[in-house]
Amino acid sequence: AQSNLRIAVIPKGTTHVFWKSVEAGARRAGEELGVEIVWKGPIKENDRAQQIAIVEQFVNEGVSGIVLAPLDHTALARPVAVAGQKKIPVVIFDSSLRGEAGKDFVSFVATDNKKGGSLGGEHLGKLLGGKGKVVLLRYMVGSASTMEREEGFLESIDKLKSVEVTVKNRFAGPTAGEAKTASMNIIDRLREADGVFCPNESSTFGMLLALRQNNLAGKVRFVGFDTSPPLVEALQKGEIDALVAQDPTRMGYEAVTTIVKQIRGAQSPPVIDTGVQLITRGNLNDPKIKALLGLP
Amino acid sequence: MNDRLRKLGPLTGLVFVFALFALLRPEHFPTADNLQLMLLQTAVVGTAALGMTIVIISGGIDLSVGSVVALSTVIIALLLNAGAPPLVAALGGVVIGSLCGLVIGTLITRLKLASFIVTLAMWGALRGVAKGLADEQMIIAPASWLNGLLNALTDDQRWMLLPPGVWLMLILALVVGGFLRYTQIGRHVVAVGSNEQTARLCGVPVGKTKLMVYMLGSSFAALAGVLQFSYLTVGDPTTGAGMELDVIAAVVIGGASFSGGEGKVSGSLVGALIMTVVANGCTKMELPNWVQEIVTGGIIIVAVALDRFRHRKIE
Amino acid sequence: MNDRLRKLGPLTGLVFVFALFALLRPEHFPTADNLQLMLLQTAVVGTAALGMTIVIISGGIDLSVGSVVALSTVIIALLLNAGAPPLVAALGGVVIGSLCGLVIGTLITRLKLASFIVTLAMWGALRGVAKGLADEQMIIAPASWLNGLLNALTDDQRWMLLPPGVWLMLILALVVGGFLRYTQIGRHVVAVGSNEQTARLCGVPVGKTKLMVYMLGSSFAALAGVLQFSYLTVGDPTTGAGMELDVIAAVVIGGASFSGGEGKVSGSLVGALIMTVVANGCTKMELPNWVQEIVTGGIIIVAVALDRFRHRKIE
Amino acid sequence: MTLTMKGICKCFGATVALGGVDLRVRGGEILALVGENGAGKSTLMKVLSGVLEPDAGTMTLDDRPFSPRNPQEARREGIAMVYQELSLAPHLTVAENIVLGMEPVRFGLVQRTTMERAAFEALSQLGHEDIPVGVRVDSLPIAERQLVEIGRALASGCKVLVLDEPTSSLTAGDIDRLFVLLRRLKEQGHAVIYISHFLEEVKRVSDRFVVLRDGMSVGEGTTGSVPMQEMITLMVGREVADLYPRSERIQGDVILDVTGLMGREKPSSASLKLHRGEVLGIAGLMGAGRSELVRAIFGLDPVRRGDIRLGAYSGPASPVRRWKQGMGMVSEDRKNEGLAVSLSVADNITLSRLNVFGPFGMLFPDRQDKAAQIWIEKLQVRSRGPRQPVASLSGGNQQKVAIARLLHHDVDVLLLDEPTRGIDVGSKAEIYRLIDELAANGKAILMVSSYLPELLGVCDRVAVMSRGRLHPARPVKELDEHTMMMEATGAA
Ligand SMILES: Nc1ncnc2c1ncn2[C@@H]1O[C@H](COP(=O)(O)OP(=O)(O)OP(=O)(O)O)[C@@H](O)[C@H]1O
Ligand SMILES: Nc1ncnc2c1ncn2[C@@H]1O[C@H](COP(=O)(O)OP(=O)(O)OP(=O)(O)O)[C@@H](O)[C@H]1O
Ligand SMILES: [Mg+2]
Ligand SMILES: [Mg+2]
């Protein structure tokens with residue numbers, strides 16, 4: 001019966017490059033291990049109720065295992081517990097879930113988001129020489145992983161006495177278009193700023209567009225989070241100074257491997273860190289980085 | 001006979017959609033468990049759709065439902081955290097909801113503004129309030145029986161037949177149906193929607209009736225919020241974004257008309273069910289999201305068109 | 001004199017909102033740069049609102065605008081990547097948009113379905129198509145002059161006075177205004193919206209007129225997509241979600257009525273501007289997001305109510 | 001019981017609808033309120049019933065000051081009103097419409113049986129036990145809707161009953177029954193205010209009359225002692241010498257030839273030949289299917305069987321085609337299917353033919369206004385100008401706008417369904433003169449009317465329709481009201 005395992009992989013959404021990479025990793029693992037992968041995310045990005053509905057449905061249908069990137073720390077706990085009662089193992093990835101890894105669910109496979117944030121903060125501090133004005137454009141209300149990144153960033157910046165964060169209560173919103181508008185609306189702050197940080201792909205891209213349009217790209221130090229082809233291009237052109245990169249492909253791969261191992265009776269560590277990596281123009285040609293970015 | 005057929009209304013659409021998926025996925029789709037699940041997943045939108053039915057019959061519209069749902073979950077979580085018993089917390093949510101309706105109704109009747117504008121403004125404003133109260137975060141609340149309203153039944157609960165949240169929706173549907181059909185105020189609501197001028201000429205207290213309509217609309221949205229809270233187990237100021245379209249769609253698929261006077265409670269529930277069934281069935285078919293979006297659009301049109309065609313034939 | 005005052009319509013609301021923020025933030029808000037910025041940010045919604053004005057005047061509604069905007073950006077990016085010249089790519093987007101309108105209009109007129117239902121279905125389906133075409137990702141496109149339509153003017157472009165995208169919106173507004181007022185088909189649109197049965201009696205080709213209305217509506221949405229592409233510089237299948245409410249709100253704030261026959265192009269642009277000004281002004285005030293949402297709601301109501309009061313006084 | 005209105009003024013913007021009107025009515029009398037279209041009759045009554053607030057003036061009811069702020073208050077004080085424009089809630093049942101606003105309730109629940117009994121009683125007073133009280137009002141024909149509306153006023157138990165053109169779509173029988181009822185109410189001590197453009201009716205039923213012109217009362221008297229001609233002169237301000245002018249008409253070729261026409265339900269079989277230079281009338285009872293006949297000819301309703309030949313064209317066609325073929329129609333239901341009331345007079349008059357106002361599909365509004373102005377003057381439409389919205393015109397003036405459309409389009413065949421409904425005598429004469437002029441100029445006119453005198457006065461031939469069947473047309477010389485009625489009821 002082991003040959004026809006069905007693993008449901010449930011991302012937070014389906015339209016970011018990030019999730020496409022996770023899917024690729026998960027499918028690769030599926031092929032290697034000979035299991036069927038069902039990939040299904042909520043249609044409306046960030047709709048918790050819809051994600052719960054999807055988990056419920058897979059539990060109800062009786063899949064062999066569930067791999068889930070929870071949109072919410074608490075709200076997804078109940079359906080995951082129901083899965084536990086029905087003896088369906090669950091691996092959590094990307095964002096955390098309430099409960100104990102190894103007990104309430106099999107493992108937690110993720111980037112250490114806080115570490116990623118502080119990595120970005122430290123690098124920005126270094127670029128500014130320890131002084132100046134910094135703008136933080138947040139992602140969205142209630143998104144746990146990006147909030148951890150923002151927190152990590154602020155912590156490492158606060159250590160630097162003469163760096164002042166001039167904006168930290170603006171939110172980019174879910175799409176790049178809205179992020180650009182939000183950035184344009186604080187353009188006077190951006191003009192005075194020495195450094196900028198954004199916590200995910202869409203906010204980084206929206207900010208980049210706004211900086212470009214106001215001829216600020218390359219003039220302010222800019223650290224973003226996540227990677228996508230346009231962001232890497234901007235990095236190459238010097239419009240972005242650094243990107244904090246996660247390894248989504250590995251995340252998808254590890255998550256699926258972990259759950260299959262569990263089903264097949266092997267033990268897995270409760271927490272698996274898939275690592276963060278600071279990408280700068282300096283290390284772009286590093287073969288490891290190239291592989292991570294999927295560059296030739 | 002024909003008359004009875006016609007009264008079934010959008011049910012044809014539901015039957016069609018259901019049969020379609022049952023044929024395509026006979027092992028996974030028409031199971032008892034999955035049926036229960038679909039009812040569960042309809043409860044939130046269905047309950048809000050009851051209120052929306054009243055509003056649309058009265059000739060208005062309420063875009064703020066999603067925000068009221070969110071506000072209601074936040075209020076409940078806050079009250080639970082403050083130590084209120086679950087029932088009090090739930091009532092608190094509903095009371096706040098009805099106050100929102102009072103504000104909406106007052107603005108519409110006093111300032112003589114279009115309901116679209118007022119509820120659009122409240123759509124933003126109430127979400128702002130929810131976020132402010134929740135300090136822009138999810139609010140975790142202590143577990144209580146509220147969390148169990150929308151759980152699938154365990155074996156020793158089988159006697160209930162359906163989860164309590166689903167019962168709530170069904171009973172409320174009967175109440176609203178009776179209200180619209182058999183009470184004076186209910187008939188006044190229909191009269192106002194059918195021809196406001198006439199209602200006024202005949203001495204129907206149009207202002208008061210409308211006020212009550214919007215209070216009911218928001219109260220039902222807040223009740224939907226209670227169910228949503230049960231579903232999420234947290235107070236979430238961002239939940240229900242875009243829900244207004246789902247709710248309005250359910251009511252309109254159910255046969256209501258924006259020009260007022262027309263609409264059926266049972267139709268609205270069927271409309272809500274159609275949408276759940278399509279979403280559930282598409283997942284069972286393992287369609288990619290973008291295909292599901294296209295298919296859903298197509299099915300909505302077919303379901304509604306079927307209904308219209310049947311009508312025309314009978315006439 | 002009074003008549004002229006009345007024609008200014010929702011402008012009062014805009015002036016009020018503008019004055020408010022200019023008073024509160026005299027150094028940051030009423031600067032030339034910021035004015036240009038606000039016009040820039042209005043261009044996308046404003047252009048889509050032109051089409052929506054036609055649709056609403058004809059007595060219909062179009063919920064699919066946001067999805068058409070997204071689809072249009074995707075098509076443009078795909079065409080640019082396939083080596084099409086920028087102008088051809090932009091036209092391609094608009095042509096696909098008008099085809100969407102053709103489908104919508106055909107479903108509405110042939111199946112006699114409510115525009116709300118049909119465009120709700122297309123709202124989902126077209127977004128699905130956009131995501132499918134884009135393989136659920138952003139599509140990067142080679143840089144071209146299209147990217148510059150909504151850039152702030154550089155010093156050697158000052159002679160243009162306004163960025164090209166803003167000019168596009170303004171010129172199109174004049175065209176649409178003229179179309180509705182000075183062409184026979186335009187008057188047919190108004191007549192259909194005012195009283196469809198009468199229009200039929202008077203020999204207005206109601207079906208054809210509606211078909212054209214929805215084609216225009218979607219074409220303007222696609223044009224808004226061209227501007228959105230310029231704003232984003234990529235094709236993004238997720239952009240414009242929820243934009244339908246902004247666009248409809250702009251038109252309704254501008255004085256249009258859902259019962260059809262009423263509405264003004266200039267009003268719709270003013271409505272779109274009011275919303276940009278509020279968003280921009282609130283940011284300048286450095287209000288937290290949730291406060292901004294509440295304030296926006298309040299201002300929309302005040303702006304519209306002011307307009308109504310002024311009307312009543314004149315009458 | 002006395003009601004007095006003193007110095008009532010009401011302006012709509014620049015229009016002075018009422019310029020200080022005095023009115024006095026006692027219990028036990030029927031007062032007729034007459035006047036041209038736009039004289040202010042409906043406005044005055046709306047002030048009385050609390051719909052409109054007067055700009056100046058006072059009212060007393062039984063010597064107590066009376067100033068209702070809304071219809072509800074007026075109703076509570078015993079003012080019941082039948083409005084000129086039908087005001088029913090289409091989604092409610094007949095019974096619900098009749099008791100609307102004063103439903104019998106217990107514990108908040110509507111007492112259905114009590115309600116239906118009250119409705120039934122109100123309708124039986126009008127001699128219509130046959131109208132089912134449980135069906136939705138929008139499934140009734142117009143005539144029955146009007147009865148429901150009257151029933152509503154009766155059911156509310158009033159001191160003063162106001163009827164604003166209640167008979168515009170009633171049958172002769174129903175009118176008789178209504179008059180019997182009004183007399184009974186009068187004997188019971190109620191006051192009745194009766195507005196109508198049918199002076200025969202006024203003569204028959206009222207005790208006293210008041211004439212309004214341009215928002216002023218210009219005369220009153222005891223109905224019995226004033227000859228009709230004098231009343232007309234008071235109303236119109238001039239003498240109307242010949243109500244039914246008839247110039248030399250030369251019957252030309254057959255232009256419209258209908259054979260064996262069968263519609264969805266009605267008509268079941270209709271054949272007629274209409275010649276150029278001729279006015280062909282169609283008489284019949286309400287619901288006989290006269291409207292359906294013209295609608296089917298004009299392409300608004302489906303044609304099941306039969307042939308329609310219009311000039312060189314044959315077979316059924318859409319309204320778009322019909323206009324192009326030189327046929328135009330005025331509908332009996334002007335509010336729903338005759339006029340786009342939110343649009344201007346100019347738009348309404350010219351809607352069917354806009355291509356004369358500019359090249360390449362363009363339209364110059366000033367040319368449009370100029371064209372409309374011609375017809376406004378010719379038909380004496382009382383309006384501020386071509387840009388006034390039709391909704392703010394008085395009922396009769398709205399009807400003139402609907403007719404003006406055919407004149408603007410310059411059609412050869414005119415289908416007129418109840419063209420003079422709600423129009424004052426002066427304007428009626430005007431329209432008859434117009435019809436005559438059109439006929440004399442070789443146009444063909446098919447005219448449906450429930451007002452037999454006008455059919456006899458205007459038409460060359462009249463065909464009677466009865467239960468969906470159209471009888472052969474006969475020259476008016478061979479006809480009188482009695483024979484037509486006999487044929488219509490199927491007694492002949
Ligand atoms: N709501 C309104 N706005 C503007 N003008 C109005 C309005 N209602 C009525 N009028 C004007 O007031 C005048 C009186 O109208 P009213 O309806 O009282 O006439 P009427 O005597 O009832 O005529 P009819 O016999 O045609 O019914 C008319 O000139 C009409 O155009
Ligand atoms: N708004 C409407 N919608 C649908 N059917 C209608 C409507 N108004 C009237 N009818 C139908 O039209 C038919 C005839 O109505 P009506 O009383 O006008 O008689 P008629 O002989 O056709 O015309 P007339 O009124 O000139 O005598 C009725 O059977 C009625 O059901
Ligand atoms: Mg009148
Ligand atoms: Mg008729």
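Chain identifiers are assigned alphabetically (A, B, ...) following the order of the sequence lines, protein sequences preceding nucleic acid strands; residue numbering begins at 1 within each chain.
The minimum heavy-atom distance between C/Gly297 and B/Ala121, with the atom names listed, is O-CB, 3.3 Å. The minimum heavy-atom distance linking C/Leu111 with B/Ala305 is given by the pair CD1-CB, 4.0 Å.
Inter-residue side-chain proximity for C/Leu126 and B/Glu293 is flagged as unmet; no heavy-atom pair is nearer than 4.5 Å. Using a 4.5 Å heavy-atom threshold, the side chains of C/Leu133 and B/Trp290 count as separate.
In this structure, chain C has heavy atoms under 4.5 Å from both the backbone and the side chain of B/Ile301. Proximity to chain C (any heavy atom under 4.5 Å) is shown, for B/Ile299, by neither the backbone nor the side chain. Residue C/Ile253 touches chain B through both its backbone and its side chain, counting heavy-atom pairs closer than 4.5 Å. Residue C/Ala249 touches chain B through both its backbone and its side chain, counting heavy-atom pairs closer than 4.5 Å.
Annotation: the span from B/Leu245 atom CG to C/Leu245 atom CG amounts to 6.0 Å, rounded to 0.5 Å.
Put simply, of C/Thr296, C/Val252, C/Ile300, C/Leu107, the one with the most heavy-atom pairs under 4.5 Å next to chain B is C/Val252. Between chain C and the options B/Glu136, B/Glu244, B/Gln292, B/Met122, the largest number of non-hydrogen pairs under 4.5 Å is found for B/Glu136.
Between B/Phe258 and C/Phe258, a ring centre-to-centre spacing not shorter than 6.0 Å is recorded.
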